[in-house]
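One structure is given below, encoded as structure tokens.
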There are 2 protein chains.
Amino acid sequence: MFSKSTEYALRATIFIARQSSIHKKVNIREIAEGIGAPKYFTAKILQQLSNKNVQIVSSISGPAGGFFIKEEASKRPIYNVIEAMQETHIIEDCVLGLPNCNEKTPCSMYKPYKDVKKGLLSIFKDKSIQEIANSKDRLIPIKIPNSKKP
Amino acid sequence: MFSKSTEYALRATIFIARQSSIHKKVNIREIAEGIGAPKYFTAKILQQLSNKNVQIVSSISGPAGGFFIKEEASKRPIYNVIEAMQETHIIEDCVLGLPNCNEKTPCSMYKPYKDVKKGLLSIFKDKSIQEIANSKDRLIPIKIPNSKKP
DNA sequence: ATAATTAAAGATATTTTTATCCTTAATTGT
DNA sequence: ACAATTAAGGATAAAAATATCTTTAATTAT
């Protein structure tokens, strides 16, 4: 649904929030390994998330430094991450790609999508970063061995 | 939500279906203009939709030729277009991008997304190409003049 | 047979996304 | 002051998506 950037951003945010809940800062290597994402690419994404107009993630340079999430930030909805990555359009926009698709000038999918969109928005807006971090669900890709015999 | 390719594919399919319902074949120029998409790119997409393993769209070369949709094809769900464009993963896959995200090994968004996914799938599976084509909703981008005064 | 019209197929170009590398700045401990 | 560790920022590379152009094949009408 989202770009790889946003997928990594969501996973990184949850990962950092978990470590921050036990007052542990994490460095880029730990984050990248913890979410199974490429290290340097993850670093770029963390820059976006720690940008001062966004401030989902905080960071400190130097030894004993690293990334963490402030208590206030962790109470914000995970939707803020999607906003920071500038991908709200993926949910908001017309399914057929038409600009100005609305009640007045709808496309054929406007009405059916309207309610689905509400549901989609609510799964990201109703849950805080903290709540999601509290679940111990995995954030890292796993390989499931193929059970079929050749 | 979908790639531009799939957006154009959906719009082109609906456009052709409308013309076919009045037994009119349309050429690439007419389709591209009718949906506000780049001509040559639209042509490539139509090749995918008319591929023999897909057969959503039919075509005939030469004068008086063009694209059309057979009655049987128009009764298929619009979801078939998303399948033809190989983008069902956009709906089906894990929101955080994790492989093997399921009941047994879920991510934190698995459960909340589960129902939304059902709704999303149903808006594409419950409507046939024909039904959507029958609505006279627009398929072409429109410019809404900016009402704000500078 | 020839010319005109159309889609199919193949080649190329451009833009965006994804990924990596290198240098600089900040912080800490010795 | 110096070395080590960390993030920030800038530059580059590789891959994928988007877009365009050219040639070929099919069909039709003359």
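Below, chain A is the first sequence line, B the second, and so on; all start at residue 1. Just the heavy atoms: all of them, side chains too, but no hydrogens, waters or symmetry mates, feed the values below.
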- Note on the structure: Nearest-nucleotide check on DNA chain C, A/Thr42 vs B/Ser59; residue mapping nearer the 5' end is B/Ser59
- Task: Keeping the roles fixed (side chain from B/Glu30, backbone from B/Asn27), state whether a donor-acceptor pair exists under 3.5 Å.
- Result: yes
- Query: Of the candidate nucleotides D/dT27, D/dA19, C/dA19, which contains the atom at the shortest distance from the side chain of B/Ile60?
  - Reply: D/dT27
- Please give, in whole Å, the distance from C/dA8 C1' to B/Gln48 CD? 13 Å
- Query: Is there side-chain contact between A/Ile78 and A/Ile14, with heavy atoms separated by less than 4.5 Å?
  - Reply: yes
- OP1 or OP2 of C/dT18 less than 4.0 angstrom from a side-chain nitrogen or oxygen of A/Tyr8, does that happen here? no
- In the single-linkage hydrophobic clustering (I, L, V, M, F, W, Y; side-chain heavy atoms under 4.5 Å), do B/Ile28 and B/Leu49 co-cluster? yes
- Item | Phosphate contact (D/dA8 OP1 or OP2) by A/Ser61 side-chain N/O below 4.0 Å | no
- Task: May I ask you to evaluate whether B/Ser50 reaches the phosphate of C/dA7, defined as a side-chain N or O under 4.0 Å from OP1 or OP2?
- Result: no
- Taking only the side-chain heavy atoms of A/Asn27 (C-beta and beyond), determine which of D/dT20, D/dA7, D/dA4 contains the nearest atom. D/dA7
- Given atom NZ of A/Lys44 and atom P of D/dA7, what is their separation to the nearest angstrom? 13 Å
- Message: So A/Leu46, base contact, sugar-phosphate only, or nothing? Heavy-atom distance under 4.0 Å.
- Response: nothing
- Message: Once you apply a heavy-atom cut-off of 4.0 Å, does A/Val26 come out as touching a base, just sugar-phosphate, or nothing?
- Response: sugar-phosphate
- Between D/dA8 (C1') and A/Arg29 (CZ): distance, integer Å: 19 Å
- Query: Of the candidate nucleotides C/dC21, C/dA26, D/dC21, which contains the atom at the shortest distance from the side chain of B/Tyr40?
  - Reply: D/dC21
- Rounded distance (Å) that lies between atom P of C/dT17 and atom CZ of A/Phe2: 15 Å
- Would you mind reading off the distance between A/Lys4 atom NZ and D/dA16 atom P, rounded to a whole angstrom? 10 Å
- Item | Separation of D/dA16 P from B/Gln86 CD (nearest whole Å) | 14 Å
- Would you say the side-chain atoms of B/Asn80 and B/Glu83 include a donor-acceptor pair closer than 3.5 Å? yes
- Task: Tell me which of B/Glu87 and B/Gly65 sits closer to the 5' end of DNA chain D, going by the nucleotide each one is nearest to.
- Result: B/Glu87
- Query: Per the atom types in the model, does the base of C/dA9 pair as donor or acceptor with the side chain of B/Gln47 at under 3.5 Å?
  - Reply: yes
- When rounded to whole Å, the NZ to P distance for the pair A/Lys24 and D/dT6 reads 10 Å
- Query: How long is the line joining CD1 of B/Ile45 and P of C/dA8, in whole Å?
  - Reply: 13 Å
- Minimum-distance nucleotide to B/Phe41 side chain [options: D/dT18, C/dT6, D/dA8]: D/dT18
- A/Arg76 to A/Gln55 - nearest heavy-atom pair and separation: NH1-O, 3.1 Å
- Note on the structure: Regarding the side chain of A/Ser5, the nearest nucleotide among C/dA19, C/dT18, D/dA7 is C/dT18
- Task: Quick one: closest heavy-atom pair of A/Ala84 and A/Ile56, and the distance?
- Result: CB-CD1, 3.8 Å
